[in-house]
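Below, chains carry the letters A, B, ... as their sequence lines are ordered, and counting in each starts from 1.
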Number of protein chains: 2
Amino acid sequence: MLTSLRDHVLKFVKPSEKELQLLLDAVETEVISHKQYLIKEGQYCLHLYFIVQGCFRSYFIHTSGAEKVINFGIEDWWITDFDSLVHNRPSELHIQAAEDSIVLKISKQKLDLLLQESIIINQYFRMIHEKVRIADQRRIKFMYSLSGEELYHSFCEHNPKFVQRVPQYMLASYLGFTPEFLSKIRARKKK
Amino acid sequence: MLTSLRDHVLKFVKPSEKELQLLLDAVETEVISHKQYLIKEGQYCLHLYFIVQGCFRSYFIHTSGAEKVINFGIEDWWITDFDSLVHNRPSELHIQAAEDSIVLKISKQKLDLLLQESIIINQYFRMIHEKVRIADQRRIKFMYSLSGEELYHSFCEHNPKFVQRVPQYMLASYLGFTPEFLSKIRARKKK
DNA sequence: GCTAAAAATTAATCTAGTTCAAGAAATACA
DNA sequence: TGTATTTCTTGAACTAGATTAATTTTTAGC
């Protein structure tokens with residue numbers, strides 16, 4: 001279980017064995033079955049989660065009642081509601097398993113202690129944030145550049161394996177349109 | 001000039017005088033007049049910029065020829081193209097002054113050295129990244145929740161001073177629609 | 001293997017926002 | 001103070017994608 005986190009850290013920084021162990025000791029394994037929640041709207045988010053196995057989506061409920069998916073997470077991603085975690089406020093998101101999953105979780109308290117002590121762990125999380133910001137910027141660029149149809153094809157091309165793992169209606173929501181429209185796109189393609 | 005960066009750092013972390021000075025010594029002041037560029041598409045971005053005074057927009061050129069604004073930056077924001085900076089690849093963005101401006105710039109080289117040495121500076125930038133990620137998440141939530149008209153009114157409400165500082169067509173692009181449509185929204189409101 | 005629930009499809013109608021084109025206002029700067 | 005450039009507005013025709021509702025297909029659990 002822990003080796004996947006160990007390996008991930010080592011892709012970014014070179015901690016001493018001792019320093020690495022500090023992080024691994026701070027973390028707890030949790031099994032989350034399909035459709036269970038890491039966080040629900042209104043709860044105070046108190047943990048940061050590392051996905052060892054499985055898939056999650058974060059979404060919120062629109063005033064219309066529709067679920068709007070704002071992100072997916074799979075193996076080797078950290079996931080949480082930072083707004084809730086950092087500012088100690090009730091979450092506006094649901095984070096739900098889209099498959100049977102396994103996560104490593106670290107509490108805000110323990111993480112804050114590590115971040116006060118360890119330069120390496122700061123570097124690691126700083127680099128993770130950089131990476132996500134770069135990915136988010138690309139995503140925004142795509143959303144501004146492409147039509148719905150183009151977005152879908154581009155997404156399938158860049159994430160061929162992932163597309164199989166979640167239902168179409170979640171993907172449609174993530175890409176910013178309705179499942180009906182996604183059906184239409186797929187129908188067009190076949191001809 | 002430097003006091004605005006000093007003050008900003010102190011809002012997040014408590015460095016020693018010496019540590020703070022390391023950052024302030026690494027930084028150079030630059031005056032950028034209206035419509036000048038910090039970065040142009042195709043260039044390798046080599047600096048991180050802290051805005052002391054003024055306003056910038058980052059945008060790219062769509063295949064249609066249209067300029068798509070993906071972000072604004074004002075006083076006390078760090079701005080750069082992280083994708084280019086971190087991965088040493090040509091930038092896909094332009095970052096242009098929308099007003100006569102003053103920035104503090106730090107080279108990637110110097111920054112990397114500081115980040116190897118100083119836990120406090122790592123913490124500072126890690127916290128900046130967290131803050132931006134939270135803001136970006138809110139932005140995505142808004143974009144998924146609101147109609148164009150609602151987006152505009154919400155933006156004006158939350159950033160009343162800023163709205164005055166940039167031309168309408170930039171704001172329209174940032175919000176994801178055309179200047180013509182923004183005109184229509186404004187016309188509706190008057191009645 | 002059967003049944004209920006979840007997910008995907010289809011088609012008709014509707015609308016928010018685009019496009020194009022032309023003119024009016026505002027701003028910069030000589 | 002006048003002229004050129006930039007920005008903003010208006011209107012008519014158009015389209016990508018939404019909505020609604022009914023039907024089919026797939027999946028999961030017993």
Side-chain angles (χ1 to χ4, degrees), chain A residues 32-37 54-55 57 59 61-69 72 94 96-101 142-156 162-191, chain B residues 33-36 55 57 59 62-69 72 94 96-101 142-156 162-191:
Chain A
I32 310 285
S33 49
H34 186 207
K35 298 203 174 175
Q36 273 197 310
Y37 290 87
C55 175
R57 63 164 175 156
Y59 67 94
I61 310 290
H62 187 248
T63 48
S64 70
E67 295 176 354
K68 304 276 186 176
V69 176
F72 292 111
H94 302 267
Q96 187 193 39
E99 297 172 356
D100 291 338
S101 303
F142 271 109
M143 291 179 59
Y144 279 155
S145 299
L146 306 180
S147 69
E149 178 153 15
E150 290 168 328
L151 269 180
Y152 173 70
H153 291 135
S154 159
F155 188 88
C156 290
F162 179 73
V163 174
Q164 326 280 41
R165 291 173 70 173
V166 297
Q168 302 285 342
Y169 74 90
M170 284 187 197
L171 195 52
S173 173
Y174 173 77
L175 294 175
F177 45 75
T178 59
E180 291 87 348
F181 183 61
L182 182 43
S183 263
K184 237 180 250 181
I185 292 171
R186 287 155 59 84
R188 266 178 229 167
K189 194 62 180 282
K190 279 178 206 146
K191 285 161 200 170
Chain B
S33 49
H34 186 208
K35 299 203 174 175
Q36 274 197 309
C55 175
R57 64 164 174 155
Y59 67 94
H62 186 249
T63 48
S64 70
E67 295 175 354
K68 304 275 187 175
V69 176
F72 292 112
H94 302 266
Q96 186 193 41
E99 297 173 356
D100 291 338
S101 302
F142 270 110
M143 290 180 58
Y144 279 158
S145 301
L146 305 181
S147 68
E149 177 154 14
E150 290 168 328
L151 270 180
Y152 172 69
H153 290 136
S154 159
F155 188 89
C156 289
F162 180 74
V163 175
Q164 325 280 39
R165 291 173 69 173
V166 296
Q168 303 285 339
Y169 74 88
M170 286 186 195
L171 196 51
S173 173
Y174 173 77
L175 294 175
F177 45 76
T178 59
E180 291 89 344
F181 184 59
L182 182 43
S183 261
K184 257 171 231 178
I185 292 171
R186 287 155 58 82
R188 269 177 227 165
K189 196 63 181 284
K190 278 178 206 149
K191 287 159 201 169

Donor-acceptor pairs are to be reported for all side-chain atoms of residues 165-180 of chain B against protein atoms at under 3.5 Å, with residues two or more places apart or in another chain.
residue  : atom : partner  : partner atom : Å
B/Arg165 : NE   : B/Glu99  : OE2          : 2.7
B/Arg165 : NH1  : B/Glu75  : OE1          : 3.1
B/Arg165 : NH2  : B/Gly54  : O            : 3.0
B/Arg165 : NH2  : B/Glu75  : OE1          : 3.4
B/Arg165 : NH2  : B/Glu75  : OE2          : 3.1
B/Arg165 : NH2  : B/Glu99  : OE1          : 3.0
B/Ser173 : OG   : B/Glu67  : O            : 3.2
B/Ser173 : OG   : B/Val69  : N            : 2.7
B/Thr178 : OG1  : B/Phe181 : N            : 3.2

What is the distance from [atom1] of [X] to [atom2] of [N], rounded to the nearest Å?
X	N	atom1	atom2	value
B/Tyr144	D/dA18	OH	C1'	16 Å
B/Ile185	D/dC8	CD1	P	14 Å
B/His34	C/dA28	NE2	C1'	11 Å
A/Lys35	D/dA28	NZ	C1'	9 Å
B/Phe177	D/dT9	CZ	C1'	15 Å
B/Asp100	C/dA28	CG	C1'	13 Å

Per nearest nucleotide of DNA chain C, the residue lying toward the 5' end, B/Leu146 or A/Pro179, is A/Pro179
Within residues 163-176 of chain B, which residues have any heavy atom lying less than 4.0 Å from an atom of DNA chain D? B/Pro167, B/Gln168, B/Tyr169
Do the side chain of A/Gln96 and the main chain of A/Lys35 share a donor and acceptor less than 3.5 angstrom apart?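 Confirmed, A/Gln96 side chain pairs with A/Lys35 backbone.
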So which protein nitrogen or oxygen atoms get under 3.5 Å of nucleotides 24-27 of chain C's nitrogens or oxygens?
none

Would you indicate, yes or no, if D/dA18 has its OP1 or OP2 atom less than 4.0 angstrom from a side-chain nitrogen or oxygen of A/Thr178?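 Yes, such a contact exists.
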So, is A/Arg186 near the phosphate of C/dA8, with a side-chain N or O under 4.0 Å from OP1 or OP2?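 Indeed not, no polar side-chain atom of A/Arg186 lies that close.
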Non-neighbouring partners of [X] that pass side chain to side chain donor-acceptor pair (under 3.5 Å), sequence neighbours left out:
X	result
A/Ser147	A/Glu150
A/His62	A/Ser64
B/Thr63	none

Closest nucleotide among D/dA18, C/dA8, D/dC8 to the B/Ser183 side chain: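 Per side-chain heavy atoms of B/Ser183, the pick is D/dC8.
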Heavy-atom side-chain contact between [X] and [Y] under 4.5 Å:
X	Y	answer
A/His94	A/Ile61	yes
A/Phe155	A/Phe162	yes
B/His153	B/Leu146	no
B/Arg57	B/Phe72	yes

Protein and nucleotides 11-16 of chain D: nitrogen or oxygen contacts under 3.5 angstrom:
residue : atom : partner  : partner atom : Å
D/dA12  : N6   : B/Lys184 : NZ           : 3.3

Roughly how far, to the nearest 0.5 Å, is OH of A/Tyr152 from NZ of A/Lys184? 15.5 Å
For A/Ser101 and A/Cys55, work out which heavy atoms get closest and say how close. OG-N, 3.2 Å
So if I take the C1' atoms of five pairs at each end of the helix from C/dG1-D/dC30 to C/dA30-D/dT1 and get each local axis, what angle do the two axes make, rounded to 10 degrees?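 Overall, the helix from C/dG1-D/dC30 to C/dA30-D/dT1 bends by 60° from one end axis to the other.
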